[in-house]
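Working notes, structure below.
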There are 2 protein chains.
Amino acid sequence: MADPMYRQIAEDLQRRIESGEPAPGAQLPTELELRERYDASRNTVRDAIKWLITRGLVETRPGQGTFVTERITPFVSTLTGPPEGKETYVYLAEVVASSRTPDMSDPRVEMQRATGNVASALHIPEGTSVVSRHQQRFIDGTPWSLQTSFYPMALVEQGATKLIQATSIEPGTVDYLAEKCGIKQVGYRDSIAVRPPNEVEAAFFKLPADGRVSVFEVYRVGFDQDGARFRLTVTVYPADRNRLVAWVGDVPAVELED
Amino acid sequence: MADPMYRQIAEDLQRRIESGEPAPGAQLPTELELRERYDASRNTVRDAIKWLITRGLVETRPGQGTFVTERITPFVSTLTGPPEGKETYVYLAEVVASSRTPDMSDPRVEMQRATGNVASALHIPEGTSVVSRHQQRFIDGTPWSLQTSFYPMALVEQGATKLIQATSIEPGTVDYLAEKCGIKQVGYRDSIAVRPPNEVEAAFFKLPADGRVSVFEVYRVGFDQDGARFRLTVTVYPADRNRLVAWVGDVPAVELED
DNA sequence: GCAAATTTGTTCGTATGTATT
DNA sequence: CAATACATACGAACAAATTTG
């Protein structure tokens, strides 16, 4: 008398899937067939399938059936780079092979008052005016990440007026701020957390509506030559198709591996 | 005619929880009470609660009720440090306050043949003999991470015999290998992924059995002065109570914030 | 383009088991 | 031991999405 029946069914299916039969992409027997095979009710079979869904082993498509999930070759983003560097580097099998590059939408620019998270990350009082620049980023058409950068409004007053224009800043915001305000980024710090996606994120990344796939949330704070914080960038990556890399010291170039 | 009823119930409850009523830790009305409030069946109410569980908003305790989950103050681990550095640094509110330190079990040492992941990370052929050293790590009694390091058996043959003893190597394995084999770690690379926990991990970290809370998996490969890979460390952290930090360039010491 | 068949999604009702107080 | 509350399991019906004829 060990596990409940739905767990036993789920574990039997899991063993079969992990042994490669049915293979990734292939369809499982229908709920009615499984009901007969395991001599259980359809609801119990559905509980077993739900358990497998939560673990990412299968996915269901209404009107079609239940399928073994296929492994995605992940995008690899490197967090570490030159302190004065512009953006996060990305390596991925397809990019390397076909020299495709990330693509991003024009920014949506908003004036906001700094709320708790933003204020404490930038070390400014809550309610301080900030500019937020929000972009959707794609790789080869696939939604890759959502990025929002926050800058104190004071920078705009110091001449960095492009910050409040809804166009990309070339060759990069860090260079632009150095030129306009004399702010040089001498370092940055990333803080990485994992959480379930909100509705906007789930829709953009086309994540399953059940909130099973979580997202990486990377807070990057930029420091200038005076040790002051002048920029916060929050980047959200779906955890099912992304991998982050950080390195220290003397290491060879990144290849693709585990 | 928008969402199904269980979603509407879930979203109503979510709004209430996010507005702070009921507060974290407090109990929700029982399933039977909710059944009456929303004029739905108990099963539909349970579907709504399942949806909230998946998103980490509530948890159920058999015989007691359904409760709003409490936020955990996370452990913060810093990935970046000196290349020749020994271990990952940890900062956390309680540790800083009461100067508590991480605590780890004696290693479980095994001789293994390198499988796919290990072999490709260490750039050795599959089947090569390796030593694995597995440790459980706690902070103030709380399960914090599971760590397994893999070393090519060749290092043992070169004199690093402590690798196959089931005791901690003080002051650190990196120092020990420098002394015994002349291998100096000049850099390392971390690769961070997120996945659902396996059964061992779920049990050790006391994660909910439904696989909802995922884990960080950090692969750290150490490189020596010849650019060769001599060590792979795989560390697994439960994502609900951990946060990773990486920094580049000149940044002030870490404080606790978002 | 439409209708039928197939398959999963939602909702109800009911009964019994198990954990906690 | 009894009461309470969640967990599991069954059966049934209809809805919604998709494919097929």
Side-chain angles (χ1 to χ4, degrees), chain A residues 1-14 17 22 25-69 202-203 206-212, chain B residues 1-14 17 22 25-69 202-203 206-212:
Chain A
M1 221 67 87
D3 284 348
M5 190 188 303
Y6 80 95
R7 282 282 299 273
Q8 293 183 29
I9 297 174
E11 282 161 12
D12 183 60
L13 289 170
Q14 179 176 21
I17 290 168
Q27 184 172 6
L28 261 67
T30 68
E31 294 174 353
L32 295 184
E33 285 168 334
L34 292 172
R35 180 186 114 238
E36 307 215 333
R37 176 193 295 183
Y38 293 106
D39 194 29
S41 76
R42 183 176 161 227
N43 277 334
T44 302
V45 167
R46 280 176 61 76
D47 281 346
I49 291 174
K50 255 177 232 161
W51 194 85
L52 295 172
I53 290 175
T54 307
R55 281 158 186 73
L57 285 149
V58 304
E59 60 190 23
T60 55
R61 302 182 205 139
Q64 296 189 55
T66 305
F67 299 83
V68 181
T69 50
K206 298 186 178 57
L207 299 180
D210 64 2
R212 168 178 60 75
Chain B
M1 220 65 85
D3 285 348
M5 191 189 301
Y6 80 95
R7 283 282 299 272
Q8 294 183 30
I9 297 174
E11 281 160 13
D12 183 61
L13 289 170
Q14 180 177 20
I17 289 168
Q27 183 172 6
L28 261 69
T30 68
E31 293 176 353
L32 295 183
E33 285 167 335
L34 292 173
R35 181 185 113 236
E36 306 215 333
R37 177 193 295 182
Y38 292 107
D39 194 28
S41 79
R42 184 173 161 235
N43 278 334
T44 302
V45 167
R46 280 176 61 75
D47 282 346
I49 291 175
K50 253 178 233 163
W51 194 86
L52 295 172
I53 289 175
T54 307
R55 282 159 184 71
L57 285 155
V58 304
E59 60 190 24
T60 56
R61 299 178 207 144
Q64 295 187 56
T66 304
F67 299 83
V68 181
T69 49
K206 297 186 179 59
L207 299 179
D210 65 1
R212 166 178 58 78

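Numbers restart at 1 for each chain; the letters A, B, ... are given by sequence-line order, proteins then strands. Quick note: numbers below take in every heavy atom, side chains included, and nothing from hydrogens, waters or symmetry partners. Please read these numbers as outputs of a predicted model, since none were measured by experiment.
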If every non-hydrogen atom of A/P29 is compared with every non-hydrogen atom of A/L34, which pair is closest and at what distance? O-CD1, 3.6 Å
Looking only at non-hydrogen atoms, find the nearest pair between A/A10 and A/W51 and report the distance. CB-CE3, 3.3 Å
Figure out the [atom1]/[atom2] separation between [X] and [N], and round it to whole Å.
| X | N | atom1 | atom2 | result |
| --- | --- | --- | --- | --- |
| A/Q27 | D/dT19 | CD | C1' | 11 Å |
| A/I53 | C/dG9 | CD1 | P | 6 Å |
| B/N43 | D/dG11 | CG | P | 15 Å |
| B/K50 | C/dT10 | NZ | C1' | 12 Å |
| A/M5 | D/dG11 | CE | P | 10 Å |
| A/D47 | C/dT8 | CG | P | 15 Å |
| A/R46 | D/dA13 | CZ | P | 17 Å |
| B/L34 | D/dT4 | CG | C1' | 15 Å |

Tell me which of A/Q64 and B/I49 sits closer to the 5' end of DNA chain D, going by the nucleotide each one is nearest to. B/I49
Does A/P62 or A/S41 map to a spot on DNA chain D nearer the 5' end, using the closest nucleotide for each? A/S41
Between [X] and [N], does any side-chain N or O lie under 4.0 Å from OP1 or OP2?
| X | N | answer |
| --- | --- | --- |
| B/T60 | D/dA7 | yes |
| A/T66 | C/dT8 | yes |
| A/T44 | D/dT8 | no |

For a side-chain contact (heavy atoms from CB on, under 4.5 Å) with B/V68, tell me which candidate from B/L52, B/L13, B/L28 qualifies. B/L28
Salt-bridged, B/E31 to B/R35, with N to O below 4.0 Å? no
Among D/dA7, C/dC12, C/dT10, which is the nearest nucleotide to the side chain of B/R42? D/dA7
Looking only at side-chain atoms of A/E31, point me to the closest of D/dT8, C/dG9, D/dC10. C/dG9
Counting only distance, no hydrogens or angles, is the base of D/dA7 paired donor-acceptor with the side chain of A/R7 under 3.5 Å? no
Base C/dG9 paired with A/R61 side chain (donor-acceptor, <3.5 Å): no
How about B/I53 and B/E59: do any of their side-chain heavy atoms sit closer than 4.5 Å? no
